[in-house]
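Start at 1 and go down the list; that is how both ligands and their atoms are numbered. Numbers here simply count residues along the sequence, with the first being 1.
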Amino acid sequence: RKLVGKLTTGCTEFDEMMGGGIETQAITELYGEFGSGKTQVAHQLAVNVQMDREHGGLGGSVIIIDTENTFRPERITQMVNGLSEKYGMELNPEEFLQNIHVARAYNSNHQILLVDSAVDLANELKEMGKPVRLLIVDSLMAHFRAEYVGRGTLADRQQKLNKHMHGLLRFGDLFNACVVVTNQVMAKPDAFFGDPTRPIGGHIVGHTATFRLYLRKSKGEKRIIRLVDSPSLPEGEAVVAVTTAGLTD
Ligand code: ATP
Ligand code: MG
């Protein structure tokens with residue numbers, strides 16, 4: 001087993017809550033309602049992971065499986081400029097963008113297949129000296145949720161989801177990479193998961209994700225992030241800000 005790496009979130013409280021940062025060889029789930037900042041955190045991690053270890057990064061590249069077409073290159077540029085400012089360095093946003101490999105997933109089957117493609121790509125990038133240290137799925141459940149409606153199809157959905165989650169875990173282990181998935185909370189109670197503040201995906205996602213983080217809006221640009229589930233860390237909350245420069249204290 002390789003040594004677990006830790007990726008900085010760029011936020012002191014958030015890093016501390018996570019015992020130093022987002023872990024490799026694990027799935028970290030970001031869940032919360034729309035606008036709570038899940039996609040923002042994902043973009044920030046895609047930037048931070050490219051930094052060297054001295055700056056909390058893992059010196060690696062990124063693969064994003066984008067199911068809702070919410071990846072924004074110009075947001076990456078803003079965040080790289082934010083880090084340039086923070087560290088007094090001249091970082092080139094174009095270089096960061098070149099190390100972010102985005103694949104659109106058109107349905108849940110395609111989404112599952114893209115994890116296999118990600119393995120192939122990560123093997124190539126490893127040989128090129130650009131190891132993938134972060135795999136993002138934003139959002140994990142959108143297609144599954146839209147495609148599998150009604151009780152009759154639930155077992156089928158859970159089986160596919162289980163396969164998907166294990167593909168993601170395997171990716172994290174194979175490449176010593178962080179795996180970050182986003183998930184919405186249910187807008188209204190449903191038959192299987194009655195509590196509207198619980199993420200979608202039921203026990204499959206819940207049991208496979210190593211760390212579960214619940215994001216919620218606070219005043220203005222502030223967001224509260226709660227560590228809900230972790231194998232070794234105490235529950236806790238961290239306050240962060242989503243600003244033009246990115247995720248900050
Ligand atoms: P969804 O469930 O709809 O995908 P989400 O949790 O992914 O929601 P985000 O897209 O991460 O939500 O958050 C959107 C919010 O992030 C915006 O409402 C705004 O507050 C903030 N935000 C986005 N871009 C910027 C920016 N360039 N500068 C400052 N804040 C921004
Ligand atoms: Mg989003």
Side-chain angles (χ1 to χ4, degrees), residues 7-11 13-14 18 22 27-49 62-86 91 93 96-97 100 102-108 111 114 134-147 168 178-190 193 195-201 205 209 211-228 237-249:
L7 166 60
T8 187
T9 64
C11 307
E13 275 184 30
F14 192 1
M18 298 304 292
I22 306 292
I27 296 177
T28 300
E29 179 191 6
L30 307 167
Y31 72 94
E33 66 178 43
F34 68 92
S36 58
K38 304 178 293 290
T39 296
Q40 295 301 309
V41 173
H43 277 67
Q44 187 68 60
L45 293 174
V47 171
N48 294 354
V49 74
V62 187
I63 297 175
I64 300 180
I65 297 176
D66 184 1
T67 73
E68 294 181 308
N69 202 15
T70 50
F71 177 72
R72 292 290 175 274
E74 53 282 14
R75 189 63 180 122
I76 296 294
T77 299
Q78 289 180 338
M79 288 174 168
V80 173
N81 291 337
L83 283 193
S84 291
E85 187 81 14
K86 177 176 176 178
L91 302 167
F96 280 73
L97 282 166
I100 301 175
V102 184
R104 280 290 308 280
Y106 296 101
N107 55 53
S108 65
Q111 182 178 331
L114 283 176
L134 173 63
L135 173 64
I136 292 167
V137 184
D138 185 9
S139 104
L140 180 72
M141 292 301 298
H143 287 314
F144 284 94
R145 185 190 207 185
E147 292 164 26
L168 294 173
C178 303
V179 180
V180 173
V181 304
T182 70
N183 198 355
Q184 269 203 324
V185 293
M186 283 177 305
K188 54 182 193 307
D190 88 0
F193 233 73
D195 182 349
T197 65
R198 299 295 294 274
I200 306 165
V205 176
F211 300 95
R212 310 196 89 185
L213 294 164
Y214 178 45
L215 280 67
R216 62 188 199 273
K217 288 178 211 166
S218 184
K219 271 209 177 116
E221 56 193 19
K222 300 275 183 210
R223 298 290 187 279
I224 300 164
I225 303 183
R226 160 166 278 272
L227 177 62
V228 176
E237 282 192 347
V239 181
V240 304
V242 178
T243 70
T244 306
L247 203 64
T248 61
D249 282 326

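Under a 4.0 angstrom heavy-atom cut-off, S36 registers as being in contact with ligand 1. Using a non-hydrogen distance threshold of 4.0 Å, T70 does not register as a contact of ligand 1.
Considering V228, N183, L213 as possible partners of E29, the one that fulfils the side chain to side chain contact (heavy atoms under 4.5 Å, CB included) test is N183. Residue L30 forms a side chain to side chain contact (heavy atoms under 4.5 Å, CB included) with just one option from T39, I136, I225, T182, and that option is T182.
Proximity of K217 to R223: side-chain heavy atoms (C-beta onward) are separated by under 4.5 Å at one or more points. Under the 4.5 Å side-chain criterion, counting only non-hydrogen atoms from C-beta, D138 is not in contact with K38. At least one side-chain heavy atom of M18 sits under 4.5 Å from a side-chain heavy atom of L227. With contacts defined as side-chain heavy-atom distances shorter than 4.5 Å, the pair N81/P93 qualifies. Residues R104 and N69 have side chains in contact (heavy-atom distance under 4.5 Å, counting atoms from C-beta outward). Between V180 and L135 there is no side-chain heavy-atom pair separated by less than 4.5 Å. In this structure, the side chains of L168 and L140 come closer than 4.5 Å at one or more pairs of heavy atoms.
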For H143 and Y106, what are the C-alpha separation, side-chain angles and deciding distance, and is it a ring-ring contact (aromatic ring centres under 6.0 Å, His included)? CA-CA 8 Å; H143 287 314; Y106 296 101; 8.1 Å; no
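Of all atoms in ligand 1, listed by their number and element, those nearer than 4.0 Å to a heavy atom of G37 are 5 (P), 6 (O), 9 (P), 11 (O), 12 (O), 13 (O). Short contacts between ligand 1 and Q78, defined as distances under 4.0 Å to a heavy atom of the residue, involve ligand atoms 27 (N). The contact set between ligand 1 and E33, taken as ligand atoms under 4.0 Å from a residue heavy atom, comprises 6 (O). Near F34, the atoms of ligand 1 lying under 4.0 angstrom from a non-hydrogen atom of the residue are 1 (P), 2 (O), 3 (O), 8 (O). Atom numbering of ligand 1 starts at 1 in the shown order; those under 4.0 Å from a heavy atom of T243 are 28 (N), 29 (C).
With respect to atom 18 (O) of ligand 1, the closest heavy atom belonging to the protein is R223 NH2, 4.3 Å. When only non-hydrogen protein atoms are considered, atom 10 (O) of ligand 1 lies nearest to T39 CB, 3.8 Å. In this structure, atom 21 (C) of ligand 1 lies nearest to the protein heavy atom V242 CG1, 3.7 Å. Here the protein heavy atom with the shortest distance to atom 26 (C) of ligand 1 is R75 CZ, 3.4 Å.
Counting heavy atoms closer than 4.0 Å to ligand 1, residue Q40 contributes atoms from both its backbone and its side chain.
Crowding of E237 atom CD: a count of heavy atoms from other residues, nucleotides or ligands under 6.0 Å exceeding 12.
Around the Mg ion (ligand 2), the protein N, O or S atoms found under 2.8 Å comprise T39 OG1.
Judged by distance alone, the side chain of Q111 and the main-chain N or O of T67 form no donor-acceptor pair under 3.5 Å. Checking side-chain atoms of E13 against main-chain N and O of V239 turns up a donor-acceptor pair under 3.5 Å.
Any N or O atom pair closer than 3.5 Å counts here, and K38 shares at least one such pair with ligand 1. Backbone and side-chain nitrogen or oxygen atoms of G35 are examined, and one is located within less than 3.5 angstrom of a nitrogen or oxygen of ligand 1.
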